[in-house]
Participant: 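One structure, pasted below without further comment.
We count ligands from 1, going down the list as the structure has it; atoms in each ligand are counted the same way.
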Amino acid sequence: MSRPTPIPHPAPGATLVLGLETSCDETAASVVGRDADGRAVILSNVVLSQVEEHAAFGGVVPEIAARAHTQAIGGIVRAALEEAGVPLDDISAVAATTGPGLVGGLIVGAMTGKAIAASRGLPFVGVNHLEGHALTPRLTDALAYPYLLLLVSGGHTQILLVAGLGRYERWGTTIDDALGEAFDKTAKLLELPHPGGPNVERMAAGGHPARFILPRPLRGEKRLDFSFSGLKTAVRQAAQAHAPLSEGDVADLCASFQAAAADTVRDRVTLALARYRTDHPGLADPVLAVAGGVAANGAIRAVLADACARHGVRLVSPPLALCTDNAAMIAYAGLERLEAGLIDAMSAPVRPRWPLDETAAPLVGFGKRGAKA
Ligand code: KG4
Ligand code: ZN
């Protein structure tokens, strides 16, 4: 269970939102409010990761996840309230992730949130998990709308224009695997432990990125979408051609894969930054924010920093604990929604598939894995 140091207390009588996150393999609860100056503050942020439960299976098993959420949620909510030093009586609203994600986990979080809200007569806010990621830079850096967001997690690879609360334009998404998924699958086929991303990065540090010539899918295309399954297949073919692999081969494959992934991100993001600058020429503080677990990757961060510098755009990367799945982002999105009067009925459904930009046409293969967001 990780508990980043909480920030000081908000003013007495401030709006406080209890947020719950259970859409994948983290059971999380958090209390977020505003201080006297209107700044958002995180009073607690408790995350229980199920990585160990799923490690033996090399990925997230929905049934195991749902059971683990059921067992953990009560204690995690109590821990979040305790750490915040806030009794339930002082909470103004309850927010829970109601999609997208694994249906079992979503039901556990939504039902728990609704039950707490109903028992105290509090408003309930159902939050889109992706909105939580999208608004995190407003929580951490008080960003003004509009800004560009690159979401790179185990389940999503998207470039979004965050135009306002509830106003998201999806400029690009993956047509097959998510970037984190590509890292995880590469790790699995090279027999590195789950979760794969950090292990691929660790191995890549000792490898030669130019040893294997791997594809850069969709590079040079004008559309802003991503594709990673061809890259993953190329890694598999190279691994098979060189079997049995020495540790040096694995390091070189990891380095070559990571270089191809980073190049692809550079290419897509460069196009997106150019469009952002053209579409929004007068912005005082143009920003690209990054969210999702892959934001931890040094090679990806380096290409983003370089692309942003070239386009006169500020790169904002929230602390990693807030880039990966957590409930502070859900509580904060709930707070913005509450302040805008956007509360939900107790009958609000969970939505395993729930695109942020409902006007964007679904792409072939998009959301194939759908489990992680
Ligand atoms: O956002 P996140 O914690 O969970 C969701 O997918 O929602 O992201 C996890 C993903 C995994 O695919 C993991 O392998 C990847 O982020 N990841 C990384 C690194 N750290 C985590 N990928 C590449 N390099 C890393 N250092
Ligand atoms: Zn996520």
Side-chain angles (χ1 to χ4, degrees), residues 2 19-28 45 47-51 54-55 58-60 65 97-102 105-106 109 127-136 149-158 160 174 177-190 192-205 207 226 228 231-232 235 254-255 257-262 264-265 289-304 317-330 332-333 352 354 356 367-373:
S2 65
L20 309 180
E21 160 58 37
T22 54
S23 66
C24 191
D25 58 348
E26 271 92 20
T27 314
N45 185 19
V47 181
L48 178 69
S49 170
Q50 303 173 4
V51 165
H54 300 284
V60 178
T97 306
T98 48
L102 293 170
L106 292 173
V127 171
N128 183 314
H129 178 90
L130 301 173
E131 180 169 76
H133 281 303
L135 299 185
T136 298
L149 179 87
L150 174 70
L151 172 60
V152 275
S153 71
H156 288 273
T157 305
Q158 301 195 356
L160 293 163
T174 178
D177 293 345
L179 181 52
E181 187 178 5
F183 269 93
D184 293 339
K185 287 181 174 172
T186 295
K188 199 170 175 180
L189 80 92
L190 297 176
L192 298 173
H194 172 81
N199 289 305
V200 169
E201 182 173 21
R202 186 175 46 77
M203 289 301 287
F226 296 85
F228 292 107
L231 174 57
K232 173 195 67 193
V235 174
C254 286
F257 163 80
Q258 186 173 269
T264 305
V265 169
V290 59
V294 186
N297 186 281
I300 304 284
R301 284 176 104 100
V303 299
L304 293 178
S317 36
L320 203 60
L322 296 173
C323 276
T324 56
D325 286 353
N326 67 86
M329 69 181 192
I330 304 304
Y332 177 72
W354 186 5
L356 249 195
K368 204 175 52 173
R369 175 164 147 194
K372 295 202 93 182

Participant: What orientation do Phe226 and Phe228 show, parallel under 30°, tilted 30 to 60°, or perpendicular over 60°?
Facilitator: parallel
Participant: Go through ligand 1 atom by atom and flag the ones less than 4.0 Å from a non-hydrogen atom of Thr324.
Facilitator: 1 (O), 3 (O)
Participant: Taking distance alone, with N or O pairs closer than 3.5 Å, would you say Asp325 contacts ligand 1?
Facilitator: yes
Participant: With the side chain counted from C-beta on, respond yes when Val47 and Asp325 share a heavy-atom pair under 4.5 Å apart, and no when they do not.
Facilitator: no
Participant: A side-chain contact here means heavy atoms from C-beta on lying under 4.5 Å apart; do Glu26 and Asn326 qualify?
Facilitator: no
Participant: Checking the N or O distance criterion of under 3.5 Å, is ligand 1 in contact with Gly197?
Facilitator: yes
Participant: List ligand 1 atoms under 4.0 Å from Gly155, heavy atoms only on the residue side.
Facilitator: 6 (O)
Participant: With a cut-off of 4.0 Å, which atoms of ligand 1 are near a heavy atom of Gly180?
Facilitator: 12 (O)
Participant: Report yes or no: does Gly292 have a heavy atom closer than 4.0 Å to ligand 1?
Facilitator: yes
Participant: With respect to Gly293, determine whether any N or O atom, backbone or side chain, lies less than 3.5 Å from an N or O atom of ligand 1.
Facilitator: yes
Participant: Check whether any side-chain N or O of Thr97 sits under 3.5 Å from a backbone N or O of Gly99 as a donor-acceptor pair, and report yes or no.
Facilitator: no
Participant: Hey, is ligand 1 close enough to His133 that some N/O pair sits below 3.5 Å?
Facilitator: no
Participant: With side chains defined as the heavy atoms from C-beta onward, is the minimum distance between Asn128 and Pro100 less than 4.5 Å?
Facilitator: yes
Participant: Answer yes or no for His156: is there an N/O/S atom below the 2.8 Å cut-off from the Zn ion (ligand 2)?
Facilitator: no
Participant: Evaluate the criterion side chain to side chain contact (heavy atoms under 4.5 Å, CB included) for residue pair Leu190 and Cys254; output intermediate values, then yes/no.
Facilitator: CA-CA 9 Å; Leu190 297 176; Cys254 286; 3.7 Å; yes
Participant: If you round to 10 degrees, what value do you get for the angle at the Zn ion (ligand 2) between His133 atom NE2 and Asp325 atom OD1?
Facilitator: 100°
Participant: Could you tell me, atom by atom, which parts of ligand 1 come under 4.0 Å of a heavy atom of Glu201?
Facilitator: 24 (N), 25 (C), 26 (N)
Participant: Any idea which atoms of ligand 1 are less than 4.0 Å away from a heavy-atom of Asp184?
Facilitator: 11 (C), 12 (O), 13 (C), 14 (O)
Participant: Going by side-chain contact (heavy atoms from CB on, under 4.5 Å), Leu179 matches just one of Thr157, Asp184, Thr264. Which one?
Facilitator: Thr157
Participant: Is any side-chain heavy atom of Leu160 less than 4.5 Å from a side-chain heavy atom of Leu356?
Facilitator: yes
